[in-house]
Amino acid sequence: MPGPMKVLLAVGGGIAAYKSAELARLLMQQGHEVQVVMTAAAEEFVRPLTFAALTGRKVLTNIFAIEAAIEHISVAQEHEILAIAPATADLMAKLAHGMADDFLTTLYLAFTGTVMIAPAMNVNMWQHAATQANLETLVKRGHVIVEPGSGYLACGMTGPGRLADPEAIAEAIERAGKKRRDLEGETVLITAGPTQEPLDPVRYISNRSSGKMGYALADAAATRGARVILISGPVHLAPPRGVEVIPVRTAVEMRTAVMEHLPAAGIVIKAAAVADFHLAKVPDQKVKKTAARVSLELDPTPDILAELGRKKGDFLLIGFAAETQNLAQEARRKLESKNCDMVVGNLVGGSDLGFETDDNEVVLISRQGDPIALPRASKRAIADRIFDEILKLRLTRHAADGR
Ligand code: PMT
């Protein structure tokens, strides 16, 4: 049990709104503080008084928004979970596109905690390409979706679209609450992005890494309560909220930053695509185009992961393996040769996964159990799954140490 949470229960305007009253009752019974927000359409189905009586709090509606112009900001800041049940097709579209024309949608944009969405609608509306595209956007944003159930719908049709049972939604809220705090007290050191290895003052060698995978890991760790130190090569991404970013350029600079911050870290994740070779002595001046052909003599860069593996103390060491073939075998080889606790195998080289993309598909290799294949999902969702497995490794290790 995550303990009592401050839950915002947002009720959309669908016939399933009556089930949210049962959800509010369940959450209250579990000891949570529940603040209900209703859209104007929801008020057509259930009266705010029902929720006020169940939660002992004034329900926030559009009228309320007019009375207190900036209330949505303080309400957003005071709560940990925003559970939207039922989420109608219209509401999902508004959320996906960032429209903010009423209290709930404005609150949503100001909210930084865990968002949970329990859709409910007619089967055709649910299956419509527009709704599915909006759903994909919301999933990619890292929101938790409580899938609708299948069965007889109020419209008389049968199929998926029925609001999940209030018990299932309450359980999902509990799980999300637990998840949010499970890295509290941890310091996670993450490397992300490419390195740039200069050839002269204006040219460099680099690679296709955008930093998205590493930044998604940093965001997941920070959201789950960790102190996050993100050592980042040159990327074009906004730093995740609450993360300490240390910008570096070259492999040598990345090594220095990693070693400097290592003593603080309990978990180290090397998602960066570090150049394997560099020009050991970079000319001071721009190289002139004098010869028809030039050849470069490159030296190996420091292998940061291998050095961490040799140092290996109490921290958990997670490496990545970007491979164009034999993914699982190569990842296992890196697990052994670099003395990691886990390696995330990432197939790269194709156009739609790995480098630069928003989605990824990886395999997790550790010394315990079989490889875990994580099917295609957003890098943010993959990041959360990676932390789930890291925490399991940590538990196994503590059990083995008798801690
Ligand atoms: O940044 P994105 O566009 O989101 O793409 C994500 C990604 C494909 C870059 C990422 O998921 C990934 O696979 N990162 C590792 C890339 C890589 O360099 O893999 P590698 O197999 O060459 O290296 C193995 C491991 O050794 C990596 O953890 C790497 O950080 C580390 N390494 C490599 C060389 C070096 N000199 N020092 C290192 O520490």
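The analysis underlying the following values was restricted to heavy atoms, covering all of them including side chains, and did not include hydrogens, waters or symmetry mates. Keep in mind it's a predicted model, so treat the numbers as computed, not measured. In each ligand, atom 1 is the first atom listed, and ligand 1 is the first ligand listed.
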Original post:
Quick one: does ligand 1 sit under 4.0 Å from the side chain of Ser210, the backbone, both or neither, non-hydrogen atoms only?
Top reply: both
**OP:** Dump the intermediate steps for side-chain contact (heavy atoms from CB on, under 4.5 Å) on Met342 and Leu393, then the final yes or no.
**Re:** CA-CA 9 Å; Met342 186 166 92; Leu393 280 183; 3.8 Å; yes
Original post:
Given Phe277, Phe355, Phe320, which one has a non-hydrogen atom that is nearest to atom 23 (O) of ligand 1?
Top reply: Phe320
Original post:
Who's closest to atom 22 (O) of ligand 1 heavy-atom-wise, of Glu323, Arg255, Lys334?
Top reply: Lys334
Original post:
Is it true that Gly211 lies under 4.0 Å from ligand 1, counting heavy atoms only?
Top reply: yes
Subject >> Identity and distance of the protein heavy atom lying nearest atom 34 (C) of ligand 1 >> reply: Asp276 OD1, 3.2 Å
Original post:
So which bit of Ala275 gets within less than 4.0 Å of ligand 1, heavy atoms only: side chain, backbone, both or neither?
Top reply: backbone
Subject >> Identity and distance of the protein heavy atom lying nearest atom 39 (O) of ligand 1 >> reply: Leu305 N, 2.8 Å
Original post:
For ligand 1, which part of Lys212 has a heavy atom less than 4.0 Å away: the side chain, the backbone, both, or neither?
Top reply: both
Original post:
For atom 30 (O) of ligand 1, which protein heavy atom lies nearest, and how many Å away is it?
Top reply: Ala272 O, 2.7 Å
Original post:
In terms of side-chain geometry, is the basic nitrogen of Asp359 or Lys379 positioned less than 4.0 Å from the acidic oxygen of its partner?
Top reply: no
**OP:** Return yes if a side-chain donor-acceptor contact under 3.5 Å exists between Asp102 and Thr105, otherwise no.
**Re:** yes
Subject >> For ligand 1, the portion of Ala306 having any non-hydrogen atom under 4.0 Å away >> reply: neither
Original post:
Given that the side chain starts at C-beta and the backbone is N, CA, C, O, which of these parts of Leu308 lies under 4.0 Å from ligand 1, counting heavy atoms, or is it both or neither?
Top reply: neither
